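Working notes, beginning with the structure itself.
No experiment lies behind these values; they were computed from the predicted model shown.
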Amino acid sequence: MPDTGAMQIAPLPAPVRPDPVRDRWTDRMRLAIAEAALATATGDVPVGALVLGPDGTVIGRGHNEREAIGDPTAHAEMVAIRQAAEKVGEWRLGGCTLVVTLEPCTMCAGAIVLSRLDRVVYGALDEKAGATGSLFDVVRDRRLNHRPEVIPGVLAEECAEQLRAFFDTQR
């Protein structure tokens, strides 16, 4: 077919709309994603977590270490919460925020409530074991004495892709 000289213009991608709730957490989530990458060296599932102090500084960090140390409770959230409590010098983490690449499980959700964290920010949903909104919603159960704010879906696709890539190598 001869060239008619008509210019073909591809449609522009839809503009990305600002998300004032989630956008403020993307830099911290990228740090958690980098922390998650450390887990794969020991064959652990790549989940990373940070605890931010009231001023936004990192006071705890962790990645899954279940395989590395043979401890079923060594989830990224638990490691980060323990480190933050040690740094603060007490178990109460009021004013603090947990940033984690995967929705916390029931064990970690219990630790979030018991440590009095103010907020949980997570990336990918865990439809099989999630306890902060998908399968269960432990942290917002009205019967409990503490209910942190939950901000789901921060860099969800990047967090999910990191997990998918890991499990693809396991098959």
Side-chain angles (χ1 to χ4, degrees), residues 16-37 39 44-54 56 58-67 71-86 88 90-167:
V16 176
R17 298 183 128 179
D19 184 340
V21 174
R22 288 172 185 81
D23 289 350
R24 69 180 286 223
W25 301 105
T26 57
D27 289 343
R28 298 302 188 180
M29 187 60 76
R30 288 191 201 292
L31 291 176
I33 290 169
E35 182 71 28
D44 278 290
V45 177
V47 177
L50 307 171
V51 175
L52 308 176
V58 177
I59 61 170
R61 62 179 59 232
H63 54 272
N64 276 355
E65 296 182 358
R66 293 183 307 167
E67 298 296 333
D71 179 352
T73 70
H75 288 201
E77 301 94 312
M78 301 296 284
V79 173
I81 289 169
R82 286 181 189 127
Q83 191 178 97
E86 186 174 329
V88 170
E90 69 167 308
W91 60 268
R92 290 175 193 86
L93 297 175
C96 297
T97 299
L98 175 72
V99 178
V100 60
T101 59
L102 180 65
E103 178 184 3
C105 69
T106 53
M107 174 184 67
C108 295
I112 290 163
V113 170
L114 293 173
S115 64
R116 310 295 195 267
L117 284 159
D118 278 8
R119 182 177 306 102
V120 179
V121 177
Y122 70 86
L125 280 175
D126 185 348
E127 295 174 347
K128 292 182 179 178
T132 30
S134 61
L135 186 60
F136 302 107
D137 201 353
V138 171
V139 298
R140 291 181 283 197
D141 189 315
R142 294 196 179 276
R143 296 169 292 182
L144 299 177
N145 63 338
H146 180 74
R147 290 180 297 282
E149 175 185 14
V150 176
I151 301 171
V154 175
L155 298 180
E157 188 52 40
E158 288 180 44
C159 294
E161 181 53 38
Q162 187 178 41
L163 291 160
R164 274 193 296 273
F166 172 78
F167 287 113

*Looking only at heavy atoms, which two atoms of Val79 and His63 are closest? And how far apart?*
CG2-O, 4.1 Å
*Could you tell me the separation between the CD atom of Glu103 and the CG atom of Asp137, rounded to the nearest 0.5 Å?*
8.0 Å
*asked:* Which heavy atom of Phe136 sits nearest to which heavy atom of Thr106, and what is that distance?
replied: CD1-CG2, 3.8 Å
*Separation of Thr132 OG1 from Tyr122 OH (nearest 0.5 Å)*: 4.5 Å
_Let's go through Arg30 and Glu158 carefully: what are the C-alpha distance in whole Å and the side-chain angles of both, what is the deciding distance for side-chain contact (heavy atoms from CB on, under 4.5 Å) to 0.1 Å, and is it a yes or a no?_
CA-CA 9 Å; Arg30 288 191 201 292; Glu158 288 180 44; 2.9 Å; yes
*Calculate, to the nearest 0.5 Å, the distance between atoms CG and SG belonging to Leu50 and Cys96 respectively.*
12.0 Å
*If you look at every heavy atom in Lys128 and Leu135, which pair is closest and at what distance?*
O-CD2, 3.2 Å
*Leu155 side, atom CG; Gln162 side, atom CD - distance, nearest 0.5 Å*: 11.0 Å
*Taking Val99 as the fixed residue, which of Leu31, Val51, Val121, Val120 is the one that meets the side chain to side chain contact (heavy atoms under 4.5 Å, CB included) rule?*
Val121
*Considering residues, nucleotides and ligands other than Glu90, do more than 12 of their heavy atoms fall under 6.0 Å from its CD?*
yes
*Flag the pair Arg22 / Met29 as yes when at least one side-chain heavy-atom distance between them is below 4.5 Å, and no otherwise.*
no
*Taking all heavy atoms of Ala124 and all of Ala160, pick out the closest pair and write down the distance.*
CB-N, 3.9 Å
_Side-chain ion pair, Glu157 and Arg164, N-O less than 4.0 Å_ = yes
*Taking the side chain from Gln83 and the backbone from Arg61, do they hold a donor-acceptor pair closer than 3.5 Å?*
yes
*Looking only at heavy atoms, what is the nearest atom pair of Met78 and Ala111, with distance?*
SD-CB, 3.5 Å
*Measure the CD-OG1 distance between Glu65 and Thr73 for me, rounded to the nearest 0.5 Å.*
10.0 Å
*Derivation and outcome, side-chain contact (heavy atoms from CB on, under 4.5 Å), residues Leu117 and Ile81*: CA-CA 9 Å; Leu117 284 159; Ile81 289 169; 4.0 Å; yes
_Tell me whether Glu161 at atom CD has more than 12 heavy atoms from other residues, nucleotides or ligands lying less than 6.0 Å away._
yes
*Find the distance between CH2 (Trp25) and CG (Leu52) and round it off to the nearest 0.5 Å.*
6.0 Å
*Ignoring hydrogens and geometry, is there a side-chain-to-backbone donor-acceptor pair from Asn64 to Val45 under 3.5 Å?*
yes
_For the backbone of Gly62 and the side chain of His75, can you confirm whether one donor and one acceptor N or O come within less than 3.5 Å of each other?_
no
*Between Gly56 and Arg28, what is the shortest heavy-atom contact and its length?*
O-NH2, 2.6 Å
*Is there side-chain contact between Leu144 and Val139, with at least one heavy-atom pair below 4.5 Å?*
no
*Looking only at atom types and distance, does a side-chain atom of Thr101 sit under 3.5 Å from a main-chain N or O of Ala32, one as donor and one as acceptor?*
no
